[in-house]
There are 2 protein chains.
Amino acid sequence: MSDLLQRLRGRGWRLTAQRRVVAEVLDGDHVHLTADEVHARAAARLPEISRATVYNTLGELVSIGEVIEVSTDGRAKRYDPNAHRPHQHLVCSRCGTIRDVHPSGDPLAHLPSSERFGFTVSEVEVTYRGLCPNCATA
Amino acid sequence: MSDLLQRLRGRGWRLTAQRRVVAEVLDGDHVHLTADEVHARAAARLPEISRATVYNTLGELVSIGEVIEVSTDGRAKRYDPNAHRPHQHLVCSRCGTIRDVHPSGDPLAHLPSSERFGFTVSEVEVTYRGLCPNCATA
DNA sequence: TCCTACACTAGACAGAGTCTAAGTCAAGAT
DNA sequence: ATCTTGACTTAGACTCTGTCTAGTGTAGGA
Ligand SMILES: [Mn+2]
Ligand SMILES: [Mn+2]
Ligand SMILES: [Zn+2]
Ligand SMILES: [Zn+2]
């Protein structure tokens, strides 16, 4: 994630302890944390970090395209550092586990122009739901 | 929508004025109202209806499969009476308009088993985003 | 080392949804 | 037609998620 910190410095961001910690918390694969989960993990390293700063930093990371916002459950949004490789999500309906899955072709192509009603379609979001191996056996 | 009321009676529901009005408000095509929008329209006909009853009724309609919950914007959930024909949504990123679109094949088939990680996948939700004709010209 | 614009904090506020306790009424029973 | 009763409705408190503001702190250039 230190390459992320480099990119942020390149954009003129001040590298504060708070931003560093948020970036560290978001490091890894299949990371889809809510803002409050990010705050809890960040606060474990930097106890005085505020919720507002976590929300601000996440919002900034989203607006520059370093992090993606995912709404899989209509409750809290989740923040996904896997922003540089297009992907979709596979969600367990029972335990909420989220896995990244990678499309074979371009899912946008699956909408024929006869079904576009004059819209200029530029994005598509796909969420698959089912039971994960753990929840299926239980 | 009176066939819906018949089906509800068949399930042993008491047919109250409140439930009748909620069902009437949800009648139509491309209807994707938030709970508070449903409440406002219902209250125009039945002023004393409470928010709790609207939430209760919508939740019941969802749990018996007569209405679908749609979360297109990470804000309020929307309630969609078009529950008997599988479809997806096309959303304008500027004005929020939502149109129903109908898939050509089964979108579930687009996830190869090598990308299912042992999940039993049973549903897929697809949201296309772009600009509607009005917003594209403006 | 100093300066200051940018960043951070605590807490108030707002929107969406849930829950509870008390009152009401639809519809089956008499 | 009236009674009875458990399902239904209500108001409002409460929770969760997210936004905003006023005051304080500090990163990093001069
Ligand atoms: Mn992801
Ligand atoms: Mn729809
Ligand atoms: Zn699971
Ligand atoms: Zn539009």
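Letters go in sequence order (proteins before strands), and every chain restarts at 1. As the structure is a prediction and not an experimental result, all values here were calculated from the model. The basis for the numbers below is simple: all heavy atoms, side chains too, and nothing from hydrogens, waters or symmetry mates.
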message: If the helix axis at each end comes from five base pairs, how far does the helix from C/dT1-D/dA30 to C/dT30-D/dA1 deviate from straight, to 10°?
response: 20°

Please produce a list of atom pairs where a protein N or O lies less than 3.5 Å from an N or O of nucleotides 20-24 of chain C.
none

- request: Measure from the side chain of A/Q18, starting at C-beta and using heavy atoms only, and say which of C/dG17, C/dC8, C/dA26 lies closest.
  value: C/dC8

Can you give the donor-acceptor pairs under 3.5 Å from side chains of residues 39-46 of chain B to other protein atoms, not counting sequence neighbours?
| residue | atom | partner | partner atom | Å |
| --- | --- | --- | --- | --- |
| B/H39 | NE2 | B/I49 | O | 3.0 |
| B/R45 | NH1 | B/E24 | OE1 | 2.5 |

field: Verdict with reasoning, B/E66 to B/R7, per salt bridge (charged side-chain N to carboxylate O under 4.0 Å, His left out)
entry: CA-CA 10 Å; B/E66 292 286 352; B/R7 291 199 294 279; 2.7 Å; yes

- request: Check if the side chain of B/R75 and the base of C/dG15 share a donor-acceptor pair of N or O atoms closer than 3.5 Å.
  value: no

- request: Using heavy atoms to find the nearest nucleotide of DNA chain D for B/L46 and B/R51 separately, return the residue whose nucleotide is more 5′.
  value: B/L46

Donor-acceptor pairs under 3.5 Å, side chain of residues 98-108 of chain A to any protein atom, not counting sequence neighbours: which ones?
| residue | atom | partner | partner atom | Å |
| --- | --- | --- | --- | --- |
| A/R99 | NH2 | A/H30 | NE2 | 3.3 |
| A/D100 | OD1 | A/H32 | NE2 | 2.8 |
| A/D100 | OD1 | A/H87 | NE2 | 3.2 |
| A/D100 | OD1 | A/H89 | NE2 | 3.2 |
| A/D100 | OD2 | A/N82 | ND2 | 3.0 |
| A/H102 | NE2 | A/R85 | NH1 | 3.4 |
| A/D106 | OD1 | A/L108 | N | 3.0 |

- prompt: Reckon B/T53 touches a base, only the sugar-phosphate, or nothing at all at heavy-atom distances under 4.0 Å?
  reply: base

message: Reading DNA chain D from 5' to 3', where do the contacts with chain A start and stop? Cut-off is 4.0 Å to heavy atoms.
response: D/dT17 to D/dG28

Donor-acceptor pairs under 3.5 Å, side chain of residues 127-138 of chain B to any protein atom, not counting sequence neighbours: which ones?
| residue | atom | partner | partner atom | Å |
| --- | --- | --- | --- | --- |
| B/R129 | NE | A/E125 | OE2 | 3.2 |
| B/R129 | NH1 | B/T72 | O | 3.2 |
| B/R129 | NH2 | A/E125 | OE2 | 3.3 |
| B/R129 | NH2 | B/T72 | O | 2.6 |
| B/T137 | OG1 | B/N134 | O | 3.0 |

- prompt: Taking the nucleotide of DNA chain D with the closest heavy atom to each, which residue, B/R19 or B/G74, is nearer the 5' end?
  reply: B/R19

